[in-house]
Protein chains: 2
Amino acid sequence: MNTVSTGFSGPSVCRIAGVTYRQLDYWARTNLVTPSVTAAQGSGSKRVYSYADLIEVRVIKSLLDAGVALPRARQAVNCLRNQIGGDLKSVSLVLSGSNSVLAYSDGEIIDLLKGGHGVFNVISMDSVTADIDTSLAQEVETTENRRLAMA
Amino acid sequence: MNTVSTGFSGPSVCRIAGVTYRQLDYWARTNLVTPSVTAAQGSGSKRVYSYADLIEVRVIKSLLDAGVALPRARQAVNCLRNQIGGDLKSVSLVLSGSNSVLAYSDGEIIDLLKGGHGVFNVISMDSVTADIDTSLAQEVETTENRRLAMA
DNA sequence: AAGTGTAGTTACACCCCTGTCATATAACAA
DNA sequence: TTGTTATATGACAGGGGTGTAACTACACTT
């Protein structure tokens, strides 16, 4: 099932992040989120996603759930990609117009709101990583149950 | 041209708020923003929008520009409609997840950020009314120039 | 080595939203 | 009243994003 050792398969990512396979596939084809461990190589091959990919997928899903359209999510992910691997604790991703910034405190966010003009999109990375981690634990659990059932 | 006295015609609203006629028409037909002074009554008739309508249109445009999808904007406008007519100074419209609320201070916004879960979209009504007022002044000006040209 | 399951690929269709263009008709001017 | 203008309406097309389903091919089991 390849859930943790080398990375995550497409369907695994779908279950963990809560998106449909059709969405994940579309995002891979349009270069929104590509499997950074192993790309697909024709029918029957397997995409393998990294944990960072998983985060990105979840961020996009959160944005979609909040009513943010895909092109905008694209921008958010681009900004995030430069930062990922770094510390995501207590970080918020703030989009204002065509600008993308990372904020490390509520005060920073307020400053951005005051200085800016128009609409701001704010994504708390804490909740994203938290959601992913719990879903991931659940996925591992049910996968092991399946192994038991198979044995 | 009916720009200020009784209200704003459809094309006027388009120019002032910066949306296409097709959008405004679609929004009227789908009950997103309906002309609250006079509804359309067949070909050749005139929709007449109020200033409050103008604000709503501009809010929607700002949300669209920020990548917020139309269904979400629909809900946000519903929240705003209950408050409009009241004081819009130093008010922020906050879309938190699938909920929409109005915040009257930075402190409230911070509370929302802390209490919420995931994604926020924040729009300052100050900037909206400011934009509308300047665009409106410009519209009146060019309209009067047109009158001069016609005379 | 054959068979079974899993996963990627393709084709098709649908809905939402917006653009273009033609048409109809009310509002207004001469 | 008559002609012109402004505006709403209608028909149509097109793109983005997603669902459904059939098909293909790899991987693993036995």
Side-chain angles (χ1 to χ4, degrees), chain A residues 1-3 5-35 37-49 57 60-61 63-65 67-75 139 142-143 146-147 149-151, chain B residues 1-3 5-35 37-49 57 60-61 63-65 67-75 139 142-143 146-147 149-151:
Chain A
M1 186 60 71
N2 251 349
T3 299
S5 54
T6 66
F8 310 89
S9 71
S12 267
V13 170
C14 291
R15 285 189 297 269
I16 299 172
V19 302
T20 68
Y21 184 83
R22 219 61 200 78
Q23 289 178 301
L24 192 68
D25 180 52
Y26 181 70
W27 300 349
R29 292 173 191 277
T30 57
N31 289 318
L32 215 198
V33 183
T34 53
V37 177
T38 308
Q41 294 159 343
S43 282
S45 69
K46 292 188 177 183
R47 296 190 179 106
V48 181
Y49 292 84
V57 170
I60 296 168
K61 179 187 167 43
L63 288 170
L64 288 182
D65 288 347
V68 175
L70 220 39
R72 192 71 172 155
R74 219 170 272 272
Q75 180 192 341
E139 166 78 5
T142 64
T143 299
R146 205 174 310 148
R147 283 197 189 130
M150 284 177 180
Chain B
M1 187 60 71
N2 251 350
T3 299
S5 54
T6 66
F8 310 89
S9 71
S12 267
V13 171
C14 292
R15 284 189 297 269
I16 299 172
V19 302
T20 68
Y21 184 82
R22 220 62 197 78
Q23 289 178 300
L24 191 69
D25 180 52
Y26 181 71
W27 300 349
R29 293 173 191 274
T30 56
N31 289 317
L32 214 198
V33 183
T34 55
V37 177
T38 307
Q41 293 160 345
S43 283
S45 67
K46 291 188 178 181
R47 296 190 179 107
V48 180
Y49 291 84
V57 169
I60 296 168
K61 179 192 167 39
L63 288 172
L64 287 183
D65 288 346
V68 175
L70 216 42
R72 189 73 180 87
R74 210 172 278 271
Q75 188 204 333
E139 166 78 5
T142 65
T143 298
R146 205 173 309 147
R147 282 197 189 129
M150 284 176 178

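Below, chain A is the first sequence line, B the second, and so on; all start at residue 1.
Of all heavy-atom pairs between A28(A) and T34(A), the closest is O-CG2, 3.8 Å. Here the closest non-hydrogen pair linking A73(A) and I60(A) is CB-CG2, 4.2 Å. Heavy atoms only, all atoms of each residue included: K61(B) and A17(B) are closest at CD-O, 2.9 Å.
For W27(B) and dT18(C), the shortest distance from a side-chain N or O to OP1 or OP2 is below 4.0 Å. Within the structure, a side-chain polar atom (N or O) of S9(A) is placed less than 4.0 Å from OP1 or OP2 of dA7(C). In this model, the phosphate group of dG16(D) is not approached by any side-chain N or O of R72(A) to a distance below 4.0 Å at OP1 or OP2. When the side-chain nitrogen and oxygen atoms of Y21(A) are compared with OP1 and OP2 of dA7(C), none of them lie within a distance under 4.0 Å.
Residue P71(A) has its side chain nearest to dG17(D) when only dG17(D), dA8(D), dT10(C) are considered. Side-chain atoms of S43(B) lie closest to dT9(D) of the nucleotides dT9(D), dT18(D), dT9(C). Side-chain proximity of K46(B) to dG8(C), dG19(D), dT7(D): nearest is dT7(D).
Judged by closest nucleotide on DNA chain D, P11(B) is the one of T20(A) and P11(B) placed further toward the 5' end. Taking for each of L70(B) and R47(A) the nucleotide of DNA chain C with the nearest heavy atom, the 5'-most of the two is the partner of R47(A). Annotation: of the two residues near DNA chain D, Y26(A) and S45(A), the 5′-most nearest-nucleotide partner is Y26(A).
Looking at R22(B), its side chain comes within 3.5 Å of the base of dT20(C) through a donor and an acceptor atom.
For the residue pair T30(B)/R74(B), the side-chain donor-acceptor check at 3.5 Å is satisfied.
Summarising the geometry, the separation between CZ on R15(B) and C1' on dT7(D) is reported as 11 Å, rounded to the nearest angstrom.
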